[in-house]
Amino acid sequence: MSAIIHGAGAATALTTFHSKKLVARSRTNLPGRSKRCIVASGSDDGSKSFGSSSSLSLRHSHKLIPNNAVATKVDTSATTGHELLLFEALQEGLEEEMDRDPHVCVMGEDVGHYGGSYKVTKGLADKFGDLRVLDTPICENAFTGMGIGAAMTGLRPVIEGMNMGFLLLAFNQISNNCGMLHYTSGGQFTIPVVIRGPGGVGRQLGAEHSQRLESYFQSIPGIQMVACSTPYNAKGLMKAAIRSENPVILFEHVLLYNLKEKIPDEEYICNLEEAEMVRPGEHITILTYSRMRYHVMQAAKILVNKGYDPEVIDIRSLKPFDLYTIGNSVKKTHRVLIVEECMRTGGIGASLTAAINENFHDYLDAPVMCLSSQDVPTPYAGTLEEWTVVQPAQIVTAVEQLCQ
Amino acid sequence: MALSRLSLRSTTFLKPSSLRRHVTTDTTPITIETAAPFTSHQCDPPSRSVETSSAEILSFFRDMARMRRMEIAADSLYKSKLIRGFCHLYDGQEALAVGMEAAITKKDAIITSYRDHCTFLGRGGELVDAFSELMGRMRGCSNGKGGSMHFYKKDACFYGGHGIVGAQIPLGCGLAFAQKYSKEENVSFVLYGDGAANQGQLFEALNIAALWDLPAILVCENNHYGMGTATWRSAKSPAYFKRGDYVPGLKVDGMDVLAVKQACKFAKEHALKNGPIILEMDTYRYHGHSMSDPGSTYRTRDEVSGVRQVRDPIERARKLLLSHDIATEKELKDMEKEVRKEVDDAVAQAKESPVPEASELFTNMYVKDCGVESFGADRKELKVTLA
């Protein structure tokens, strides 16, 4: 699916993705074709399913396909595929991989009999048994370490942190053992773990349960980080992460678990290192990921009405950055706005700003602007919490400012 | 004692030397009593009678001598600045590595901390690979990228080699979990020190191991000092074998290679049937914590030399071999000379080994898979391809 969207002038530098039943195989060059991008207008409240979409570019033919958050091949998606919520998509991906490979196991708190605190592992314990879906006691350091130790021998554990913030207790294991063992052993051991869990600012969950760990983990050498944002890429990234021989941290968002979308029936995988073109445009590149994607799309609706044509890219891969897609976009639009949920200091946006400035400085007409959360612990009060996170109105203002 | 010595000498005059050499391959079982009894917690201790053979004891002597020589050589290499960074030496504790190997197979997993040179050797590692790694050369077991604290040998199920105190304990329980998952009848030996015994992750991992019946054997190498802090200053309860509470434990004289062998054999049988067990090995290190630590500020030289005189594992093996007529003093001296030459040759060979190439900086970062090449944060720069 994403391959079609990526068609904006991309000659592949990547080798094609060798998945067996991939729906869309290679990046195709589609400069002239009309790209049908249907993006749902995101509502702030992730618990509602998405309403009808609107066409966002004058060049596209107007097509109303309800409940799609991401562009799809118009002719097939309306008839085939099945609709599900994001956490169900994650579960489907996980279940398919566990069926496919007996080495895949899940460990975490309350993942087994309870079904997972966000229901991602619901039903798996009954199907696969206690040895493959393991309820651990509350000791993140130990069970993350155990997952890594098991991975050294060839098992493929999926380690769940009930909330990403709890994984701070396992930071030593993730940094020193997970990230570095492949290197320090001279390539003898691979650590094919997936560390996943919900993070991000939720609904008044308080400071300690609203953390964005992508900024803390991004420096660790040897790991890959991805953030999912739609049911489609959630399932695809989960599967790819499990199949990858490298340690992958999959960031989910607490508020996105109930997004609904129709995804293909056939098996597919998303490329771990590829960004997703959500909405092609000409005037400005907006880079975002996870929940902020929906804030950006809300702002995009307003911007389009005002006459702007933003290009929205969901970077998806937080480490390494898909500088290829991003670079091509910057070359086209010459203006970049980064919208993220990390804090300003040392966040993903900060690294991305540096990377873009270093590599694409010549193509920029304006300085890279980065909208991030405030550098404060997330307060409990609802109004204050709203102000810590970037809101669509701020995005609109920023675009107007940049495009002057 | 003197009489037996005399008889030994007299027999050498009677028997030609070629006949004498047959003893080194003699595998007829002998039973020897360990010097000290085992102390147990929540289980019945194994018997003090250890089944062994002449050939085995001789191999113990040889292996321990080789390990001792290697550590001494590493000491002088460090002082001549060929080894840099941290270097934690194991001399004094050789009986542990050797005795453990005698009780298990290469399919059983061992994971330990940064004091891993001798454990690596015990797992079948080559001296050249060890010295090369210490000196940061390509020939090293981790291609020179790990260093002293990161020796690994995958084909012998030796999982390292870890720098952070105690972090290897959850990893080791993970190894045990994988062994249980694959239903092979193997166990994991998770080695840690008296300093690491106070880490929370030990108890977390122990809880899970006991809960899930994992075949994990936690071995506390109690050399009585956590760097500069003696055990009585760091642990309220220095009876480390009892700290598992619901997990059975065994206290072993870690300087007696036969006792170590017996304990490990017992532990393996136990772990396969009943889940985790803790072994506390009472041992001692002659060097300081690392080469940067003189080892004399927190203990007296008399203490160190006292232990060396009374409890040294190699001397004990030598006494055993002499008293049981398995070898003569001269043969043992010759063996030590051979070992010394082996080590010197390995050092020379390692010194010849080249340093890693610049491109090696970026290898083994990511594994290439799914047809995707990982370029790192800067994808535009194609000249660096992370393999």
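So that the names make sense, note that chain A is the first sequence line, chain B the second, and so on, each numbered from 1. Only this structure's heavy atoms are used, side chains among them; waters, hydrogens and symmetry mates stay out. Fair warning: this is a prediction, and the values are worked out from it, not measured in the lab.
With a threshold of 4.5 angstrom between heavy atoms, Thr190(A) approaches chain B through side-chain atoms but not through N, CA, C or O. Interface remark: Leu181(A) contributes side-chain atoms only to the contact with chain B (heavy atom separation under 4.5 Å). Contact annotation for Leu361(B): both backbone and side-chain heavy atoms come within less than 4.5 Å of a heavy atom of chain A. Leu131(A) touches chain B through backbone and side chain together, each having a heavy atom under 4.5 Å away. Looking at Gln188(A), both its backbone and its side chain come within 4.5 Å of chain B, counting heavy atoms on both sides. The contact between Ile164(B) and chain A is made entirely by side chain atoms (from C-beta outward), counting heavy-atom distances below 4.5 Å. Only the side chain of Asn177(A) comes within contact range of chain B, judged by heavy atoms closer than 4.5 Å. Neither the backbone nor the side chain of Pro157(A) comes within less than 4.5 Å of any heavy atom of chain B. The part of Met107(A) that comes within reach of chain B is its side chain, from C-beta onward, which places non-hydrogen atoms under 4.5 angstrom from that chain.
Using a 4.0 Å cut-off between charged nitrogen and carboxylate oxygen, Arg139(B) and Glu352(B) do not count as a salt-bridge pair. The pair Glu360(B)-Arg137(B) does not count as a salt bridge, with every side-chain nitrogen at least 4.0 angstrom from each carboxylate oxygen. Ionic pairing of Arg316(A) and Asp322(A) is not present here: no N-O contact between side-chain nitrogen and carboxylate oxygen is shorter than 4.0 angstrom. Looking at Asp245(B) and Arg243(B), no side-chain N of the basic residue comes within less than 4.0 Å of a carboxylate O on the acidic one, giving no salt bridge. Taking 4.0 Å as the cut-off between side-chain N and carboxylate O, Glu96(A) and Lys235(A) count as a salt-bridged pair. For the pair Glu185(B) and Lys268(B), the salt-bridge criterion is not met [side-chain N within less than 4.0 Å of a carboxylate O].
Within residues 210-217 of chain B, the residues approaching chain A closer than 4.5 Å by heavy atoms are, in numerical order, Leu211(B), Trp212(B), Leu214(B).
Ring pair His88(B)/Tyr114(B): centre-to-centre distance below 6.0 Å. Two rings, from Phe189(A) and Tyr159(B), have their centers less than 6.0 Å apart.
If you take CD on Glu276(A) and CD1 on Ile313(A), they are separated by 10.5 Å, rounding to the nearest 0.5 Å.
Interface summary for chain A: among Phe203(B), Tyr181(B), Phe151(B), the most heavy-atom pairs under 4.5 angstrom belong to Tyr181(B). Between chain B and the options Met152(A), Met146(A), Arg132(A), the largest number of non-hydrogen pairs under 4.5 Å is found for Met146(A). Among Ile191(A), Ile138(A), Thr153(A), Leu169(A), the residue with the largest count of heavy-atom pairs under 4.5 Å with chain B is Thr153(A). No other option in Leu155(A), Asn176(A), Ile148(A), Ile326(A) has as many heavy-atom pairs under 4.5 Å with chain B as Leu155(A). Ranked by heavy-atom pairs shorter than 4.5 Å toward chain A, the options Ala205(B), Ala209(B), Pro356(B), Ser142(B) are led by Ser142(B).
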Inset, instruction - Mind running side-chain hydrogen bond (donor to acceptor under 3.5 Å, both in side chains) on Glu214(A) and Tyr289(A) for me, showing each step along the way? - result: CA-CA 11 Å; Glu214(A) 50 268 25; Tyr289(A) 66 93; 2.8 Å; yes

Legend entry - Worked verdict on Phe171(A) versus Phe217(A) for ring pair (Phe, Tyr, Trp, His ring centres under 6.0 Å): CA-CA 8 Å; Phe171(A) 205 111; Phe217(A) 288 144; 5.1 Å; yes

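Phe158(B) does not carry Lys153(B) over the face of its six-membered ring by the limits of under 6.0 Å from the centre and within 45° of the normal.
Distance alone, capped at 3.5 Å, places no donor-acceptor pair between the Ser329(A) side chain and the Thr325(A) backbone.
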